Number of protein chains: 2
Amino acid sequence: MSGVRSAATLRMDARRNVDRIRVAAVEVFRDQGLAVPLEEVAAVANVSKATIFNRFGGRTGLIDAVIDDVVAAELRAIIDDTRSVPGVRERIRHYVRAIRDLQYRLPAVNDVLLQEFPDSEALMALCHVAGAIHDDLVAEGHAAGVLARGFTAGDLHALTLDNALALKHGDRPSRTDYERRTAFVLAGVCPEAPPA
Amino acid sequence: MSGVRSAATLRMDARRNVDRIRVAAVEVFRDQGLAVPLEEVAAVANVSKATIFNRFGGRTGLIDAVIDDVVAAELRAIIDDTRSVPGVRERIRHYVRAIRDLQYRLPAVNDVLLQEFPDSEALMALCHVAGAIHDDLVAEGHAAGVLARGFTAGDLHALTLDNALALKHGDRPSRTDYERRTAFVLAGVCPEAPPA
DNA sequence: GGACAAGTTGACTCACCGAGTCAACTTCCT
DNA sequence: AGGAAGTTGACTCGGTGAGTCAACTTGTCC
């Protein structure tokens, strides 16, 4: 809402800077999460921090502008993939593995899930979409009798939130350790089918 | 190492303040964790922050002075209790339930487990003791075949650390939700005996 | 090819937060 | 009473990153 004008009327150097900043933001946000100092983004874009404010009006505007390239696409892909997995049990197991994998690979999703930037509408929307699938999976899971007794959508939510917090604030485990632990989580919540 | 002199030579008002501060510190640390601003402790003790520095030389000294009453006793109690539970499976299950319960009740243990104050020797010692039991339990568990295949002492450690981070940085769940989730964790790691 | 608006930027202020310090004051004790 | 021991309010300090702005640079259009 400050010096942000439409792309049509932007001078060439300004348009170039907008592009640079977007590219830099996607890269830096993906690597370091959405809370990274804007100075870092500016440095990678070869631009001064003030230019980010001129063009995007601050962190929230920048997040809205790039969130799709940073995480939304991948998050939606997971949800779509999941919905297309046949078999309730495997669908749930697939989702848990996929979301945990994404959380490990992309710290930025954790910022989304934790709602660290509630000012960004784009981000909150994402969050809501992510929440919806939990309800569906848990309902299906119980209907099919493949989920642990008493397991709620809130529990599934908490599972991802706790994991987000662990990854955000703790030491990141090796991929091997992490995947092994994913398996234990699954075993407690939606165990593999017993061998027929 | 500054104005801290032995209890014997302390003037009466000073001795009274030392006591007040200890009492306040135990209460405040238990409620709010070891990272609480020293001003809070001072306020509860009806004393100025400077007095804490005079008497204990800062947070580290204060922690060392009260850690036992804050958490060490309870932590050791859990370990002793655990060691006396007969049956490997129930021993492990008891430990996991007990430590998670303690983490919920006493935020301060989480600061200990997370090693937030590595300057305090008392605290680091505790941490080591807590680590030791993990190795033992996991070894026993595998020998008895009651643990999930591939589960390591590091995994048990990670379980408590991740939980510590979740409680420290996230919203604290209701006790009911928390305990239900404890059960899912156990189910994935050291399931109940199948009905004989 | 120059004038002026658009754009950029370095250097700034600001806010936050709690640790730790110290000179001046108060209390205890003999 | 007097002087050491003790207390304290008000201070500095450090680190961090958002957001601002006056002065400068560059693009654009005639």
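Chain identifiers are assigned alphabetically (A, B, ...) following the order of the sequence lines, protein sequences preceding nucleic acid strands; residue numbering begins at 1 within each chain. Source: prediction; values computed, not measured. Just so it is clear, the values below take in all heavy atoms, side chains as well, and ignore hydrogens, waters and symmetry mates.
No hydrogens or angles were tested; on distance alone, nothing pairs the side chain of A/Lys49 with the base of D/dG17 as donor and acceptor under 3.5 Å.
Between the CZ atom of B/Arg20 and the C1' atom of D/dT8 there is a distance of 14 Å, given to the nearest Å. The distance from atom CG of A/Asp119 to atom P of D/dA18 is 14 Å, rounded to the nearest whole Å. The separation between B/Arg16 atom CZ and C/dC28 atom P is 7 Å, rounded to whole Å. In this structure, the CG atom of A/Asn54 is 17 Å from the P atom of D/dA23, given to the nearest Å. Spacing between atom CG of A/Asn17 and atom P of C/dT9 amounts to 6 Å, rounded to whole angstrom units. Summarising the geometry, the separation between CZ on B/Phe56 and P on C/dA19 is reported as 15 Å, rounded to the nearest angstrom. Here the C1' atom of nucleotide D/dG17 and the CZ atom of A/Phe117 are 12 Å apart, to the nearest Å. Rounded to an integer number of Å, the gap from CD1 of A/Ile63 to P of D/dA18 is 11 Å.
Surrounding CG of A/Asp80 are more than 12 heavy atoms belonging to other residues, nucleotides or ligands, all under 6.0 Å away. At most 12 non-hydrogen atoms from other residues, nucleotides or ligands lie less than 6.0 angstrom from CD of B/Glu192.
Ranking D/dG6, C/dG18, D/dG27 by closeness to the A/Asp13 side chain, first place goes to D/dG27. The side chain of B/Thr51 lies closest to D/dT7, out of D/dT7, D/dG19, D/dT28. Distance from the side chain of A/Met12 is smallest to D/dG27 among C/dT9, D/dG27, D/dG6. For B/Arg11, whose side chain is taken as the heavy atoms from C-beta onward, the closest listed nucleotide among C/dG7, C/dC28, C/dA19 is C/dC28. You'll find that the side chain of B/Ser48 is closest to D/dG9, out of D/dG6, C/dT8, D/dG9.
Hydrophobic clustering keeps A/Val70 apart from A/Leu113 (ILVMFWY residues linked when any side-chain heavy atoms are closer than 4.5 Å, directly or through intermediates).
The residue B/Ala50 sits close to a base: some heavy atom pair falls under 4.0 Å.
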Could you go step by step and tell me if B/Asn54 and B/Thr51 meet the side chain to side chain donor-acceptor pair (under 3.5 Å) rule?
-> CA-CA 5 Å; B/Asn54 290 342; B/Thr51 301; 4.8 Å; no
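When the side-chain nitrogen and oxygen atoms of B/Arg55 are compared with OP1 and OP2 of D/dT7, one or more of them lie within a distance under 4.0 Å.
A cation-pi arrangement is absent between B/Arg172 and B/Tyr178 under the rule of less than 6.0 angstrom and at most 45 degrees off the ring axis.
For B/Val18 and B/Glu39, each mapped to the nucleotide of DNA chain D holding its nearest heavy atom, the one lying further toward the 5' end belongs to B/Val18.
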